[in-house]
Amino acid sequence: MHQPFSLLIKPASADCNLRCDYCFYLDKAALYPESGKHRMSEETLRAMLARYFETEQPVYSMVWQGGEPTLMGAPFYKRVTALQQELAPRGAHIANSIQTNATMVGEALAAHLGRYRFLAGCSIDGPADLHDVSRRTAGGKPSHSRVLRGVRMLQKYRVPVNAVTLVSAANVREPLRVHRHLLEQGFRHIQYIPCVELDEQGEPLPWSITGAEWGRFLEAVFEEWYAAADWGVSVRNFESVLARLAGMGSGECRLCERCDQYLVVEHNGDIYPCDFFVDKAHWLGNVHDTSLRDVRESPAYAAFFQAKSRIPEPCSACEFLRVCMGDCPKFRTGEQFNKRSRLCDGWQYFFMATRERFQSMARSIALRAA
């Protein structure tokens, strides 16, 4: 069997009802300058699903993202599940998840997502005073209360809801307030994502964080999480480190050896290797005329995913290389990802502060798995 992969699907492209300061995907609309809304047609939806189901996967994993994927409305996702049932191979395992700002989740959509066991990742950056600094509507209004209303609607229909928190200049100095707020809202699965966005000269934009800030943020959350010993609370960042140390791979692509865990499919069927690299230089084809198998076997795709494996020289002797694997290529400076990650200092600080406890937990996991 070929290496399994997921699809990250952009059914509404970069269209969104929010205008978050730090959003890297809003600018992707320039790739599709046609007037009006960007919406995936049924023809493209069918073609994409058929292409995916042509491949052999232990689980057909589809992540519906944006922009804001709930702009498509409940009827679209009803068509998604109907076509999945029509086109999937007999006995196929299908896993759907949706990454949303939650502000537009209504009764019909929540009920459908619950019925078909979608997993929802909801973007929330902490308490309102921190969240609303960057996450505001197109009209400049705060969004925190609307996010929580959407989360409650999803929970009403038993949709598993995870918190996806971007760590930016707005909240990086308040790790415990952020983490405790997420727990207070009932989140039991949390992922923290570092904000590193650069201008055209390669300089950090105002909402970006430094490596040192990232390291201190992670350490503070880890200390709280570890002391609580409530293993029902999952912090994906920590579980990914444990998985690496226990020899179980990693749930986060940034900690993997190479970048081949998924493909991005845009609203019109265009295919890219990663949503950080949706641009003309990384276009791989279109589902209407290219099979996903051919894309995965193409020289262009191989050149992309193998680039991560070329570890920057400063990293080669690092004791933590086997954990971070050089970090996400987006965070490496240089045209060929040949410089160390901008977050390197923070990762080293965090690993040094926590490695003994991580190693102890990893040994316990390995023993249980033996």
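Keep in mind that what you see is a predicted model, and the values were worked out from it rather than measured. For the numbers below, each heavy atom of this structure counts, side chains included, while hydrogens, waters and symmetry mates do not.
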Next item on the list: Apply side chain to side chain donor-acceptor pair (under 3.5 Å) to Thr44 and His267, showing your working.
Entry: CA-CA 8 Å; Thr44 297; His267 74 291; over 6 Å; no
Note to self: Please evaluate residues Arg188 and Asp230 with respect to the criterion salt bridge (charged side-chain N to carboxylate O under 4.0 Å, His left out), reporting the C-alpha separation (whole Å), side-chain torsions for both, the decisive distance (0.1 Å), and the verdict.
What the structure shows: CA-CA 10 Å; Arg188 306 293 285 177; Asp230 181 357; 2.9 Å; yes
Note to self: The test is side chain to side chain donor-acceptor pair (under 3.5 Å); show your working for Tyr22 and Asp125 and say whether it passes.
What the structure shows: CA-CA 12 Å; Tyr22 49 59; Asp125 288 357; 2.5 Å; yes
Next item on the list: Please report the C-alpha distance between Phe277 and Trp283 in whole Å, then the side-chain angles of each, then the deciding distance to 0.1 Å, and finally whether the side-chain contact (heavy atoms from CB on, under 4.5 Å) criterion is met.
Entry: CA-CA 9 Å; Phe277 296 91; Trp283 181 82; over 6 Å; no
Note to self: Is there a side-chain contact (heavy atoms from CB on, under 4.5 Å) between Glu174 and Arg180? Walk through the geometry before answering.
What the structure shows: CA-CA 10 Å; Glu174 299 278 2; Arg180 290 167 183 171; over 6 Å; no
Note to self: Run Asn162 and Leu119 through side-chain contact (heavy atoms from CB on, under 4.5 Å) and show every step you take.
What the structure shows: CA-CA 8 Å; Asn162 298 351; Leu119 170 68; 3.6 Å; yes
Note to self: Between Val63 and Leu7, is the side-chain contact (heavy atoms from CB on, under 4.5 Å) condition met? List the steps.
What the structure shows: CA-CA 6 Å; Val63 184; Leu7 294 186; over 6 Å; no
Margin query: What verdict does the side chain to side chain donor-acceptor pair (under 3.5 Å) test give for Thr103 and Asn17, after you've listed the backbone C-alpha separation in whole Å, the side-chain angles of each residue and the deciding distance to 0.1 Å?
Written below: CA-CA 9 Å; Thr103 62; Asn17 63 312; 2.9 Å; yes
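Under the 4.5 Å side-chain criterion, counting only non-hydrogen atoms from C-beta, Leu218 is not in contact with Tyr349. Using a 4.5 Å heavy-atom threshold, the side chains of Trp207 and Glu197 count as touching. By the 4.5 Å heavy-atom criterion applied to side chains, Gln261 and Ser6 are not counted as neighbours. Side-chain atoms of Arg136 and Arg19, non-hydrogen and from C-beta on, never get closer than 4.5 Å to each other. Looking at His112 and Thr81, their side chains come closer than 4.5 Å, going by heavy atoms from C-beta outward. At a threshold of 4.5 Å between non-hydrogen side-chain atoms, the residues Arg152 and Val105 do not count as touching. Residues Leu292 and Tyr52 meet the side-chain proximity criterion, which asks for heavy atoms closer than 4.5 Å. Side-chain atoms of Val151 and Ile124, non-hydrogen and from C-beta on, never get closer than 4.5 Å to each other.
Across all non-hydrogen atoms, the minimal contact from Thr290 to Arg51 is O-NE, 3.3 Å. Across every non-hydrogen atom of Met153 and Gly106, the tightest pair is CG-O, 3.8 Å. Minimum heavy-atom separation, His282 to Pro273: O-CD, 3.2 Å. Nearest heavy atoms, Ala14 versus Ala29: CB-N, 3.8 Å. Closest approach of Arg135 to Cys20, counting heavy atoms only: NH1-SG, 3.4 Å. Between Gln99 and Ser123 the shortest heavy-atom distance is NE2-OG, 2.9 Å.
For the pair Arg236 and Glu252, the salt-bridge criterion is not met [side-chain N within less than 4.0 Å of a carboxylate O]. Ion pairing between Arg177 and Asp129 holds under the 4.0 Å rule for side-chain N and carboxylate O. A salt bridge links Glu223 with Arg357: the closest approach of a Lys/Arg side-chain nitrogen to an acidic carboxylate oxygen falls below 4.0 angstrom. For the pair Arg146 and Asp132, the salt-bridge criterion is not met [side-chain N within less than 4.0 Å of a carboxylate O]. Ionic pairing of Lys28 and Glu266 is not present here: no N-O contact between side-chain nitrogen and carboxylate oxygen is shorter than 4.0 angstrom. Using a cutoff of 4.0 Å between basic side-chain nitrogens and carboxylate oxygens, Arg39 and Asp15 are scored as salt-bridged.
Using modelled atom types, one side-chain atom of His38 and one backbone atom of Tyr32 make a donor-acceptor pair closer than 3.5 Å. The backbone N or O of Ala102 sits nowhere less than 3.5 Å from a side-chain atom of Arg149 that would complete a donor-acceptor pair. A donor-acceptor pair under 3.5 Å is absent between the side-chain atoms of Trp214 and the main chain of Cys344, judged by distance alone. Under the 3.5 Å distance criterion, the side-chain polar atoms of Asp345 are left unmatched by any main-chain donor or acceptor of Gly211. No donor-acceptor pair under 3.5 Å is formed between the side chain of Asp199 and the backbone N or O of Leu205.
With hydrogens and angles left out, the side-chain atoms of Asp270 and Asn286 include a donor and acceptor closer than 3.5 Å. Under the 3.5 Å distance criterion, with hydrogens and angles disregarded, a donor-acceptor pair is assigned to the side chains of Glu68 and Thr70. For the residue pair Glu239 / Ser234, a side-chain donor-acceptor distance below 3.5 Å is found, with atom types taken as modelled. Counting only N and O atoms by type, the side chains of Asn96 and Tyr77 include no donor and acceptor under 3.5 Å apart. For the residue pair Glu107/Tyr157, the side-chain donor-acceptor check at 3.5 Å is satisfied.
The aromatic rings of Phe350 and Phe358 lie perpendicular to each other, with more than 60° between the two planes, well past the 30° mark. Between Tyr226 and Phe222, the ring-plane angle classifies as parallel under the 30° and 60° cut-offs. Using cut-offs of 30° and 60° for the angle between ring planes, the Tyr192 and Phe217 rings count as perpendicular.
Residues Met361 and Val233 share a hydrophobic cluster, clusters being chains of Ile/Leu/Val/Met/Phe/Trp/Tyr side chains in contact below 4.5 Å. Side-chain heavy atoms closer than 4.5 Å link hydrophobic residues (I, L, V, M, F, W, Y) into clusters, and following such links, possibly through other members, connects Met352 to Val221.
Lys10 forms no cation-pi arrangement with Tyr272, by the criterion of a distance under 6.0 Å to the ring centre and an angle within 45° of the ring axis. Cation-pi geometry between Lys330 and Phe24 is satisfied (NZ or CZ under 6.0 Å from the ring centre, within 45° of the ring normal).
The ring of Tyr60 has its center no closer than 6.0 angstrom to the ring center of His93. Ring-centre distance between Phe320 and Trp347: not below the 6.0 Å cut-off.
Residue Glu319 places its CD atom among more than 12 non-hydrogen atoms of other residues, nucleotides or ligands, all under 6.0 Å distant.
Across Gln85, Arg117, Gln84, a single residue satisfies side-chain contact (heavy atoms from CB on, under 4.5 Å) together with Ile94, and that is Gln84. Just one residue in the list Thr210, Leu130, Ile209, Val178 forms a side-chain contact (heavy atoms from CB on, under 4.5 Å) with Val172, and that residue is Ile209.
Remark: Cys274 SG to Phe305 CZ distance equals 14.0 Å, nearest 0.5 Å.
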